[in-house]
K.L.:
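What follows is a single structure, and I will ask about it in a moment.
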Amino acid sequence: NNSTRTALPQWLRNSISQLTPREQKGLRDYWTVYESHRDEITAELMQMAASHPEFKRFLKNAPPQTPEQQAASSEVQRRAIFEGKWKPYLENLQNQGKLYAQARLSFHAWYEIISALRKSIAPHLLATYSKSPKRLAAALDGMDSLIDVIMSVIGESYLGTKEQLIRQQESDIQTSQVQLAGVIQTAMDAIVTIDQDQRIQTFNPSAEKMFLYSADEVIGKPLTILMPEHLRSQHEVDVRAFEKSSITKRSMGRLRTVYGLRANGEEFPLEASISQIQVGDGKILTAILRDITERLQAERVLGDSEERYRLLFENNPLPMWVYDNETLRFLAVNDAVVSHYGYQRDEFLGMTIKDIRPAEEMSRLQANLDEPRRLRERSGPWKHRRKDGTLIDVEIISHEIQFSGRPARLVLANDITERLRTERDLIASEERYRTTLNTMLEGGQIIGFDWRYLYVNEAVAKQGHQNQEDLLGRTMMEVYPGIE
């Protein structure tokens, strides 16, 4: 039928057009049985889909088909089989493939559903044509031919849509890079990048304001011009050690105060976070710097005035508490702690910080407590247990303080449970997609505009008698000479 020419690959188009009269009759016999038992078969498939971990979510979010829509869909399929009008039916299958890809259903999930269709209808074919083995065989062959069409068209549309989604993700990444450049330029913190020779490569407007240099004055200069001379030699040693380590980021200024040097010769205290990435044969280090002069002054004022401290503590919307460094007992908790953890204030004051930790966190907590304490610390994520037994993930910021004359620690807890769950779901989704591609029977590959293989699954590698690793980065012409 001419309507199949733009919708099917050549081999499948040939397969449909070359059906023998016996095969065509078998396909129609299959449909006749399916139509007689459609409600029963549909109910079985819907029951399976409703209990399937992926289709369950899909059905919940997809609008249900009306009886009229179901009848129209069935009629489109009937016309393809009995009248050879395949194009509308193929378009329906293509739309299904797109929908499955956009809903992030795995290849394996919808393959299971289609396989279940065959399993559901086979007993009905057997019961109907058991007295005519040849007719039964023809009907089974007709059903398998139709399922081949379904799998091929849905699969091709599914993978094509997945490829489009990947390209969109790549575009989003490029957009993010542009946005990142904008963030760097508008960030309130100073951002400075240096190369492996510790020469300044990036110097954003906040850095200009902080150090009183223009970017043109410092680009290409050693980073040490931004720090007091008595700290320069030690800084170079620290940075070299950091470059050689496998650590990707760390905060500075916890064990000792870090100081910067403005263009006018003024020294000032800094809080610095430094990270490194490998770029080619070298590394690029990025430092995010914050002038903490005012904060240190505020901390001194806060330490001198317990009343001011209590006001800030009690009204904070995030959970905060104070615990005794020696006994670990809670000395004070704010209203947000009571609300978030479920214990009453007097209950907290009879507990220690260990009482809100699950058993599996105790050794890690003890190891943290045994380390030398710093004035200000950030740690996590940690597991905390609410009164009802619920576990939450939190990040902790703590300060060393004096509370009623005793060494104590002020803690702020930020609940990051939902954020971590979202990150885990994203990683799992990406891993499922990669696993699906690698386990497909059909070949799946991504080729760049320069004809280099960016990704191939195992099926492609086997078809070409190659290893996946050997194909990546090579062009099709290198792998298959003469293909030009």
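A quick note: this is a predicted structure, and the numbers were derived from the prediction, not measured.
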K.L.:
Taking only Lys NZ, Arg NE, NH1 and NH2, and the carboxylate oxygens of Asp or Glu, determine whether Arg262 and Asp291 approach each other closer than 4.0 Å.
P.N.:
yes

K.L.:
Is there a donor-acceptor contact under 3.5 Å from the side chain of Asn95 to the main chain of Glu91?
P.N.:
yes

K.L.:
Between Glu377 (side chain only) and Ser398 (backbone N and O only), is there a donor and an acceptor less than 3.5 Å apart?
P.N.:
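Not at all, since once roles are kept as given, no pair shorter than 3.5 Å links the two residues.
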
K.L.:
Go through the steps to decide whether Tyr343 and Phe348 satisfy the test ring pair (Phe, Tyr, Trp, His ring centres under 6.0 Å), and finish with yes or no.
P.N.:
CA-CA 6 Å; Tyr343 294 98; Phe348 265 114; 5.3 Å; yes

K.L.:
Before giving the answer on side chain to side chain contact (heavy atoms under 4.5 Å, CB included), spell out for Thr352 and Phe330 the whole-Å C-alpha distance, their side-chain angles and the decisive distance to 0.1 Å.
P.N.:
CA-CA 6 Å; Thr352 73; Phe330 288 100; 5.7 Å; no

K.L.:
Would you call Asp355 and Lys387 a salt bridge, taking side-chain N to carboxylate O under 4.0 Å as the test?
P.N.:
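Between Lys387 and Asp355 there is no salt bridge, as every charged N stays at least 4.0 Å from the carboxylate O atoms.
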
K.L.:
State whether Glu271 and Arg376 are salt-bridged, where the test is any N-O pair (Lys NZ or Arg NE/NH1/NH2 against Asp/Glu carboxylate O) under 4.0 Å.
P.N.:
yes

K.L.:
How far apart are the C-alpha atoms of Leu223 and Val192, what are their side-chain angles, what is the distance that settles it, and do they pass the side chain to side chain contact (heavy atoms under 4.5 Å, CB included) test?
P.N.:
CA-CA 9 Å; Leu223 180 64; Val192 180; 4.1 Å; yes

K.L.:
Give the minimum heavy-atom separation between Tyr213 and Ile225, together with the two atoms involved.
P.N.:
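Closest approach of Tyr213 to Ile225: OH-O, 4.1 Å.
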
K.L.:
Can Asp393 and Arg421 be counted as an ion pair, charged N to O under 4.0 angstrom?
P.N.:
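No, this pair does not count.
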
K.L.:
Hey, are Arg424 and Glu431 close enough for a salt bridge, meaning a charged N less than 4.0 Å from a carboxylate O?
P.N.:
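Salt bridge absent between Arg424 and Glu431.
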
K.L.:
Would you mind checking if Arg104 and Glu54 are paired as a salt bridge, meaning a charged N to carboxylate O distance below 4.0 Å?
P.N.:
no

K.L.:
So, Arg329 and Asp324, do they make that salt bridge, N to O below 4.0 Å?
P.N.:
no

K.L.:
Between Arg474 and Tyr453, is NZ or CZ placed under 6.0 angstrom from the six-membered ring centre and within 45° of the ring axis?
P.N.:
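Verdict for Tyr453: no cation-pi partner in Arg474.
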
K.L.:
Tell me whether Glu170 is salt-bridged to Arg167, with the criterion being a basic N under 4.0 Å from an acidic carboxylate O.
P.N.:
no

